[in-house]
Undergrad: 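One structure, pasted below without further comment.
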Amino acid sequence: MDLTTRLHLLNLIRLSASAESTCRAAERAERRARLRRKEAAAARRRCRSAVRTARSRDLEVAVKALDEAESEYEARTGQVEAAVLRWRRAFAASERADARLGRELARTRKLTGAWQPRRKGARLSAEISLLSELAAMPMELVRAASALLVQSSAGKDSVVALDRVVRWAKAAGCLDKVVVVHADIGEEAEWPGVRDLAQQQAERYGLRFVVVKASVGFLGMVEKRGMWPDAQNRLCTSTLKRDEAAKLFTQIVDELGLDDQALIVNCLGIRAAESPSRRRKHELTIDHRASNGRRLVLTWHPVFHLSETEIWQEIADQALDYHPVYDTLIPRLSCIFCILASFEVLVRAVRLCWVLGLPTPRTYLDLEQRIGHRFKDQFSLAQVVEEASRREAEEGPLTWRRGDAIRHHLGEDAAAAYLHRLALAPESERRPLITHTLPNGCRHRGVGHHEHA
Ligand code: SF4
């Protein structure tokens, strides 16, 4: 089966899923409308009985209330009829979409037996199998895409994902389709130099670089809600990153100006090994929420099957620049204080802030106090800062050397070779990311570069 047919089937799957969810929503709306009519009927019964038993001086008021209840009941009945009509239309559309998908699947995949899209998981398994076939042919996927967006946090997984996509796009002769997107979640929440590094990583390949930013940053969002997000409610990711990136899809499709549906491949550097919830994801999926008649959006995880060591190996092999925060053995370039980070990592982050003279621990502590909600269920930021102070008193300030991340994961020789390769890279790829003068006169060029002034 060729790629065009696979994409055509995926779009039919999307249409079928979308028609089914419209049908379910219409069914729910109909149930709600019936419930409201039932309540209106009960109110009307009460008013009728009040009219029957009213004394003459109360009769006028009771009759007026009954008139209103009758009108309310009629309006609710009208709403039920309209809701039933909408549900019937949605059901018929869903049946048609399923039948079309069934016919096309039977024709192209030579299915035997009756297609039963409503059988639990039937459509999903067709979707998964088509997508895993597509994921196994990255060059064709890159060639077929109208645009390739790489969501870059500037972190280690993003930079390897970007490098892989660029290599495939170069080989396919379509590097101009690649756009690097960075979600800015607020200067006060991120490590210094993150945005610059994301831009620098894009510029290394001569790619277009776009920054998306919500009107309210991470701290503003927490202040407004009076709560920190958590693993179950990752509003920070959905509101500050996903929703903002989705707005860009519309802009990109407008720019493309295609007559046909555009294929947007949205690349994210997430890996199965990162967490049990990520392990349940797939390498390639349809973004049902972001897709519509004008665009089919596929979410692609080009480094999905890589381990952490393999990520560092690719960084070393390709001489990719990474953020110096990794050299302090903080494992992820996330927000300075990520709601998903462990106690140990947060303690390290506080100590790094102190070395860099960042006000972040104080800012977060104040916010935690103000909203009266603990940073995480298991512990507060105040406890993290307390532990960081204890370690600082015991061990002194954090120290590190450039290349420590590679040293830690791949050994001394790999780190030496990596630093040598970086030193040979053009000056534009080596500019210092952060320059901080510390109170004790110790100057850091790049987070991990100690120079005594
Ligand atoms: S890095 Fe952590 S805190 Fe920051 S947006 Fe992502 S999940 Fe939320």
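Start at 1 with the first residue, then count along the sequence. Just follow the structure's listing: the first ligand is 1, and inside any ligand the first atom is 1.
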Undergrad: Provide the closest heavy-atom pair for Phe304 versus Arg279 in the form atom of the first, atom of the second, distance.
TA: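 Nearest pair, atom of Phe304 first, then Arg279: CZ-O, 4.4 Å.
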Undergrad: With salt bridge (Lys or Arg N to Asp or Glu O under 4.0 Å) as the test, pick out the partner of Asp321 among Lys156, Arg402, Arg204.
TA: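 Among the candidates, only Arg402 passes.
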Undergrad: When the ring centroid of Trp191 is compared with that of Tyr326, is the distance short of 6.0 Å?
TA: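 Centroid separation for Trp191 and Tyr326: 6.0 Å or greater.
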Undergrad: Are the aromatic ring centres of Phe218 and Phe337 under 6.0 angstrom apart?
TA: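 That pair fails the under 6.0 Å test.
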Undergrad: Do any heavy atoms of Thr237 fall under 4.0 Å from ligand 1?
TA: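 Yes, Thr237 has heavy atoms under 4.0 Å from ligand 1.
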Undergrad: When you measure from the side chain of Ser389 to the backbone of Val385, do you find a donor-acceptor pair of N or O atoms at a distance under 3.5 Å?
TA: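 It does hold such a pair.
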Undergrad: Can you tell me the protein heavy atom closest to atom 8 (Fe) of ligand 1 and the distance?
TA: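 Nearest protein contact, heavy atoms only, for atom 8 (Fe) of ligand 1 is Cys236 SG, 2.3 Å.
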Undergrad: Which of the numbered atoms in ligand 1 are under 4.0 angstrom from any heavy atom belonging to Ser334?
TA: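 Once the distances to Ser334 are compared, the set is 1 (S).
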Undergrad: Below a 4.0 angstrom heavy-atom separation, can you tell me which part of Arg332, side chain or backbone, both or neither, approaches ligand 1?
TA: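 Contact part for Arg332 vs ligand 1: neither.
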Undergrad: Angle between ring planes, Phe375 versus Trp228, binned at 30° and 60°: parallel, tilted or perpendicular?
TA: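 Answer is perpendicular, since the angle exceeds 60°.
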Undergrad: Pull out every atom of ligand 1 sitting under 4.0 Å from any heavy atom of Phe218, numbered as shown with elements.
TA: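 What qualifies from ligand 1 is 3 (S).
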Undergrad: Where is the nearest protein heavy atom to atom 4 (Fe) of ligand 1: which residue, which atom, and how far?
TA: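 Minimum-distance protein heavy atom for atom 4 (Fe) of ligand 1 reads Cys335 SG, 2.3 Å.
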Undergrad: Of the backbone and side-chain N, O or S atoms of Cys338, does one lie nearer to atom 4 (Fe) of ligand 1 than 2.8 Å?
TA: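 It does not: Cys338 brings no N, O or S atom closer than 2.8 Å to atom 4 (Fe) of ligand 1.
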Undergrad: What protein heavy atom lies closest to atom 6 (Fe) of ligand 1? Include the residue and the distance to one decimal.
TA: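 Scanning the protein heavy atoms, the shortest distance from atom 6 (Fe) of ligand 1 goes to Lys241 NZ, 3.6 Å.
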